[in-house]
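Quick notes on the structure that follows.
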Amino acid sequence: MNILVCIKQVPDMESRFSPNDAGTWYREDGLVFRMNDYDTYAVEEAVRLKERLGGEPQVTVLSIGADRVAEVLRKALAMGCDRGVHVRDAQASLKDPWQIASLIAAYARHMRFDLIFTGMQSEDRGSAQVGVLVAELLGYPGVSTIVDFAWNDGVVTVSRELEGGLRGEVTLGLPALFTCQLGLNSPRYPTLPNILKAKKKEITVLLPETLSEPQPLVSTLSFRQASRKGTGIILDGAVEEMAEMVIDILDERTTILRNKGGLG
Amino acid sequence: MKILLVGEIREGRLRESVGELAGFSAALGAEAAMVLVGDTTQLPLFDGTLYLADALRYGQYQPDLHKRLVLAAVEREEPDYIVLLHSSYGWDLAPRIAASLGVAQISDVIALADGAFEVGCCNAKMRRIVKPHTSKAVLTIQPGAFPVLQHHGLPPVVHSLATGTGMATSLQFSGYRGAGRQVVDLAGADVIVSAGRGVGKKEQMEIIRSLAAVLGAEIGASRPVVDAGWVEHSRQVGSTGQTVAPKLYVACGISGAIHHLAGMKQSGFILAVNKDRDAPIADVADLTVVADLMEFVPALVAKLAGRRNG
C-alpha cells in the first residue's frame, strides 16, 4: 500500500506579520517556520497505520515551497515517513489553493496512492480547499475534517467533526483522501535515534514546471493587519499595577466582585 | 447580479444559517435562488426560487451527489456566485463545486470589498482582499459575519431537483453521534475562567484553577487545551463545544480563533490576558491585559484573595 501525506510549512502564528513589497502576503524575514499544526495529525495518522500494518505501507511525505521546507520534510521523516518529495518552488506561498492542489494532483496521479492524508487547512491561508480539491482532481472519494480514523481490512471508518460537539460517521473503501482536524490523534515528537535515521532517508526534489503549470484563479489585492474593531481597554505595564487596575475596572463594570466580596 | 445560495440540514433539521445566506445576498444586492438537499416538509423561509432535493433519497452527507445536485441548479440559474456557509458542510462541498466548474473559490468571506472580498488569514490576525478571476466563483461566508435577513412572508417557489444516484461512490454515511452527555453545563455559570494554548503546559493549569477558585468560577477551555488533554472535552467553549454568556468571561492565553469567539462573544464582560496584543481576542474583549499569564494571574489572585480576607 502506498500512502501520501501532504504538509505545509507555516510561520509561528504568534509572530508579528508585515506585508511584503507587493502588499499581497507576509514578509518572511525574521519569521520562525514550523510544520502546519493540522498536518502533524496527518503525518501521525499515516505513520500509525504503517505501524499497525507491520510496516508494509510506504509513506511518502510531500511539501511544496522554498528551500526552507526541507526542515519540515525531515521532521516528518523523523516521525516515521519513509521518503520525502520536495516540490521546490520559491513562489509557492503566492500560489492559490487551486494551483497548489493542481501540483499535488499532477504528482499523485501517476503514483496511484491508495490513501492520502492532508491537514484540513493551513494556519496561514486557512482556505480549507487544497485537500478536497486534490481528491476531486484525482477522482478519489474525499472526506474532510476527520477526528477519528479506524482501519478494518481495507475499509475505513472516519468521524467528521461537525458543529456543537456533533460528529458524522462515514465508511468508505480505497482509494480515498482525508483531511485531518486537530485532535485526531497525539502527534509524536521525533526521538533522537529517529532524527538521525531520518537524515539518511531520501528526499526527491522536483521542479513545479515539470508537474503542472496551472494559472491562478484568484488574486490578492491587499494584505494588512486586521483593524481593531474592539473598543475595549488595553493595559500594558507592570503586573502588580495592572492587577489593581483590573480589580477596579471589574468593580465598576461588573457585579461579580460585589457578590463574591460578601465572602470577606 | 445572480447568486445561488446553498442551504444545509443537519440531523434532519434545516440550519438557521439560511438566514445568514439571505443576509449576504442582500448585502451584495443580488437576485438570489437557493438550492437545498433537505426535508421536503421543512421549507426554508426564503423569498425566491428554491431548488429542492430530498435528503431521504440523496443523503445528509453524500458529497458527490450533493455536488451534482448543486451543479444541476447552477446550470439552470447561471449565477455569478455560488454561496455556502463556511461550516463543516460548506467547506467540504464548496471545493468540489469549484473544481467541477473550473472556477475560483474564496473561503471564509467576512466582508464585501468593492467587487472583491475580505477574508481573514494568519489565525485571524491579518486580512486579505481577494478577487476571483473567473466569471463565476464559489464563496463560503464566515458564520456570524453577515446579519440574518428576516423573511418577508412569501413562501419559496419550489422546483424539485434530481440527479442519477447510479454512479454514487462507495461512501456511506452511517449517522450522527453526539460528543457524549454534557457533564458540565457551563451555560449556567456567572463566571468562567478559560484556558488557552498560552497556558503552555498542563502543570500550569493550576494557576488558572487558582483564579477560578478565587472568583468562584467554572473552568472553560479552548480547543487546543482540550485536544492536549489538559481539560476535559465537556468544558470546551466554541462552535465545536459549548456556547456561553456568563457575566464575566476571563480568557487566559486564548488567541481568539473565530471558532472560540463564536462560543463566548456574547458574555457580559470579557477580560483577556494575553502576551500578544494583536491577538483577535482583543477585538471582543472589554479589557485586555498584555502580560505573561504566569506572572499576571498569580498577582491578580493574590490581590483578589487579599481583598476577600481583608
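Here is how names work: the chains are called A, B, and so on, in the same order as the sequence lines, proteins then strands, and each is numbered from 1.
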Taking every heavy-atom pair that is under 4.5 Å apart, which of [options] has the most such pairs with chain A?
options	value
B/G268, B/S174, B/A285, B/G238	B/S174
B/E118, B/Q60, B/H259	B/E118
B/V130, B/T243, B/L287, B/V103	B/L287

So do [Y] and [X] actually touch side chain to side chain, heavy atoms under 4.5 Å?
X	Y	result
A/I234	B/V290	yes
A/D236	B/V289	no
B/E295	A/M242	no
A/E169	B/F173	no
B/F269	A/I256	no
B/K131	A/V218	no
B/K67	A/E136	yes

Hey, what do you get for CG (B/N123) to CZ (A/F17), rounding to the nearest 0.5 Å?
->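 Atom-to-atom, B/N123:CG and A/F17:CZ are 8.5 Å apart.
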
Considering only NZ, NE, NH1 and NH2 on the basic side and carboxylate oxygens on the acidic side, decide whether [X] and [Y] come within less than 4.0 Å.
X	Y	value
A/D37	B/R197	yes
B/D276	A/R16	no
A/E244	B/R307	no

Between [options], who has the most heavy-atom pairs with chain B when the cutoff is under 4.5 Å?
options	answer
A/M13, A/Q225, A/R224	A/R224
A/L172, A/T220, A/V156	A/T220
A/G131, A/S219, A/G126	A/S219
A/E161, A/E123, A/E240, A/R160	A/R160

Heavy-atom contact with chain B under 4.5 Å, split by part of [X]:
X	result
A/N185	neither
A/R125	both
A/M120	side chain
A/L250	side chain
A/T254	side chain
A/V147	side chain
A/I249	side chain

Would you please test B/W91 and A/S127 for side-chain hydrogen bond (donor to acceptor under 3.5 Å, both in side chains) and show each step?
-> CA-CA 9 Å; B/W91 71 59; A/S127 79; over 6 Å; no

What is the minimum heavy-atom distance between [X] and [Y], and which atoms define it?
X	Y	value
B/T240	A/L162	CG2-O, 3.7 Å
B/D92	A/V143	OD1-C, 4.2 Å
A/L133	B/P95	CD2-O, 3.4 Å

Would the distance check show the side chain of [X] and the main-chain N or O of [Y] forming a donor-acceptor pair, the cut-off being under 3.5 Å?
X	Y	result
B/R96	A/G142	yes
A/D124	B/C122	no
A/Q129	B/Q105	yes
B/K275	A/E14	no

Please assess A/S222 against B/R128 for the test side-chain contact (heavy atoms from CB on, under 4.5 Å), listing each intermediate value before the final yes or no.
-> CA-CA 5 Å; A/S222 68; B/R128 291 192 302 145; over 6 Å; no

From CA spacing to verdict: side-chain hydrogen bond (donor to acceptor under 3.5 Å, both in side chains), B/R177, A/S159 | CA-CA 9 Å; B/R177 276 192 299 141; A/S159 289; 2.8 Å; yes

Neighbourhood of chain B inside residues 102-109 of chain A, taking heavy atoms under 4.5 Å as contact |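 Heavy-atom contacts from residues 102-109 of chain A to chain B are absent.
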
Modelled atom types, side-chain donor and acceptor of A/E163 and B/S88, under 3.5 Å =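 The answer is yes; a qualifying pair exists.
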
Give, as side chain, backbone, both or neither, the part of B/I270 having an atom under 4.5 angstrom from any heavy atom of chain A.
->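 For B/I270, neither part sits under 4.5 Å from chain A.
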
Chain A contact via B/F296 - side chain, backbone, both or neither, heavy atoms under 4.5 Å |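 Interface part for B/F296: both.
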
Would you please test B/C121 and A/F223 for side-chain contact (heavy atoms from CB on, under 4.5 Å) and show each step?
-> CA-CA 9 Å; B/C121 55; A/F223 174 85; 3.6 Å; yes

